[in-house]
Amino acid sequence: MRAYLPQRIVQFLTATHPTKHTIYLCRHGESEYNTTGRLGGNSPITERGWVFAEILAKFAARHISNLRDGDPDGASIAARLWTSSMLRTIQTASLIPHPTLTPPNGAPWESMAPRIYRNIDEIFAGDCEGLTPEEVAATHPQASYLRKMDKIGYRYPRGESYFDLISRLEPCIQEMESYNEPLLIVSHQAILRCIFAYLTGVDREKAPGMETQIQQNVVYQIDLDASSEQHVTGDEKRLPAFVTVHDFRDEVERTMRERRGGGSREEDDKVAGVL
Ligand code: F6P
């Protein structure tokens with residue numbers, strides 16, 4: 001087989017398998033840039049981000065790499081962990097335990113060993129990196145307008161478009177499809193919208209507009225098998241039955257309140273910028 005496209009199709013089909021495999025997706029915990037609404041950058045996570053990192057580490061040990069889902073004493077099983085190359089995802093995943101398993105007949109396996117992929121770094125906003133949306137509107141009025149008109153196709157000046165993201169995601173998707181073990185991907189908003197849309201059968205044109213579907217402090221569990229295809233809804237607002245949402249937003253805020261000495265919910269919301 002010589003032509004480029006048939007080669008890619010065959011490569012993809014040989015990597016794809018219909019047996020059950022589970023992908024977990026989550027955004028990094030709150031970053032310093034998130035608190036001021038700045039785009040991109042490489043800022044570290046905040047105290048709130050570290051609280052989510054602790055929760056995620058417990059969740060991973062109990063549910064993702066655990067033989068008996070939810071049992072703190074369940075034996076560890078082989079599982080995989082990917083982060084982007086950015087500080088905020090690496091820190092968010094840094095507390096996840098990665099025990100070495102020694103199967104009776106196989107080579108030792110470091111479960112949840114972190115693997116860093118630049119392909120799942122956040123969309124690069126080029127000249128708009130580090131700016132707030134208001135600053136983008138003031139300094140690059142055309143950018144705000146054009147992006148509103150065509151979010152998937154708009155490329156930031158000296159930066160990327162959603163189409164660019166989709167093409168750099170292709171090798172990762174192919175590798176993801178080839179796995180049997182559960183995989184946790186800790187990445188970013190724009191990237192996760194694209195992966196989530198792909199896995200749940202949402203048209204890629206709709207992925208950039210999925211503003212509320214990929215929340216921080218939430219883990220999305222996607223159980224894929226031969227029958228998943230039949231359950232896709234094609235509607236980005238209605239999750240298919242093979243998606244389970246593990247929502248830790250309340251737990252993160254409760255833990256923050258406790259650590260700050262039990263301030264009221266209202267005071268907390270003010271600190272979090274909700275009010
Ligand atoms: O604001 C957080 C963030 O991850 C930015 O770094 C990134 O530019 C943006 O979200 C992507 O979302 P959207 O494509 O909706 O601007």
Side-chain angles (χ1 to χ4, degrees), residues 25-50 52-53 56 82-93 116-169 172 184-200 202-220 236-237 248-249 252 272-274:
L25 304 177
C26 78
R27 283 183 71 191
H28 55 82
E30 181 188 72
S31 70
E32 280 178 8
Y33 265 27
N34 288 151
T35 62
T36 49
R38 296 191 178 279
L39 303 183
N42 195 21
S43 64
I45 56 176
T46 62
E47 186 189 354
R48 180 175 273 103
W50 280 111
F52 177 63
L56 181 65
W82 292 358
T83 71
S84 73
S85 71
M86 315 205 95
L87 187 56
R88 55 197 185 274
T89 59
I90 293 172
Q91 287 183 327
T92 302
I116 296 175
Y117 283 98
R118 289 193 61 188
N119 303 49
I120 56 170
D121 282 358
E122 182 53 308
I123 189 167
F124 180 56
D127 293 345
C128 298
E129 280 279 300
L131 303 182
T132 62
E134 296 73 33
E135 287 167 348
V136 174
T139 57
H140 299 77
Q142 267 218 322
S144 302
Y145 171 76
L146 293 173
R147 199 160 191 256
K148 232 175 251 154
M149 302 307 292
D150 176 21
K151 198 169 174 187
I152 192 167
Y154 176 75
R155 179 178 281 140
Y156 280 107
R158 299 189 334 106
E160 289 183 305
S161 68
Y162 268 86
F163 278 135
D164 293 328
L165 289 198
I166 290 168
S167 70
R168 75 170 146 92
L169 274 175
C172 287
L184 168 63
I185 303 179
V186 185
S187 181
H188 307 264
Q189 179 152 251
I191 287 286
L192 291 174
R193 281 183 193 143
C194 296
I195 299 179
F196 190 82
Y198 166 77
L199 291 174
T200 59
V202 169
D203 188 339
R204 68 180 184 173
E205 298 285 334
K206 291 183 179 164
M210 291 165 65
E211 302 286 347
T212 53
Q213 290 83 341
I214 306 292
Q215 298 288 344
Q216 235 159 3
N217 304 329
V218 174
V219 179
Y220 300 86
E236 76 280 17
K237 301 212 170 73
F248 298 109
R249 285 176 293 183
V252 167
V274 176

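Order of listing sets the numbers, starting from 1, for every ligand and every atom in it. Residues take their numbers from the sequence shown, with the count starting at 1.
Ranked by closest heavy atom to atom 4 (O) of ligand 1, the top entry among Arg88, Gln189, Glu122 is Glu122.
Checked against a 3.5 angstrom limit, the closest N/O atoms of Arg38 and ligand 1 fall outside it. An N or O contact shorter than 3.5 Å links Tyr162 to ligand 1 by distance. Residue Tyr156 has no nitrogen or oxygen atom sitting less than 3.5 Å from a nitrogen or oxygen atom of ligand 1, judged on distance alone. For ligand 1, the polar-atom distance check finds an N/O of Arg147 within less than 3.5 Å of one of the ligand's N/O atoms. Of the polar atoms of Arg193, at least one N or O is found under 3.5 Å from an N or O of ligand 1, judged by distance alone.
Between the side chain of Arg168 and the main chain of Asp121, a donor-acceptor pair closer than 3.5 Å is present.
Gln216 CD to Asn34 CG: the interatomic distance, rounded to the nearest 0.5 Å, is 4.5 Å.
The distance from ligand 1 to the heavy atoms of Lys151 drops below 4.0 Å at these ligand atoms: 13 (P), 14 (O), 15 (O).
Residue Glu30 forms a side chain to side chain contact (heavy atoms under 4.5 Å, CB included) with just one option from Ile45, Thr92, Asn217, Thr35, and that option is Thr35.
Annotation: salt bridge (Lys or Arg N to Asp or Glu O under 4.0 Å) contacts involving residues 122-146, sequence neighbours excluded, comprise Arg38-Glu135, Asp127-Arg158.
At the top of the distance list for atom 6 (O) of ligand 1, counting protein heavy atoms only, stands Gly40 N, 2.7 Å.
Heavy-atom distances between Tyr33 and ligand 1 stay at or above 4.0 Å for every pair.
The aromatic rings of Phe248 and Phe52 are tilted relative to each other, their planes meeting at an angle between 30° and 60°.
A search for side chain to side chain donor-acceptor pair (under 3.5 Å) contacts involving Lys151 returns Glu211, not counting sequence neighbours.
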Next item on the list: Could you give me the CA-CA distance, side-chain angles and deciding distance for Tyr33 and Arg88, then say whether side chain to side chain donor-acceptor pair (under 3.5 Å) is met?
Entry: CA-CA 10 Å; Tyr33 265 27; Arg88 55 197 185 274; over 6 Å; no
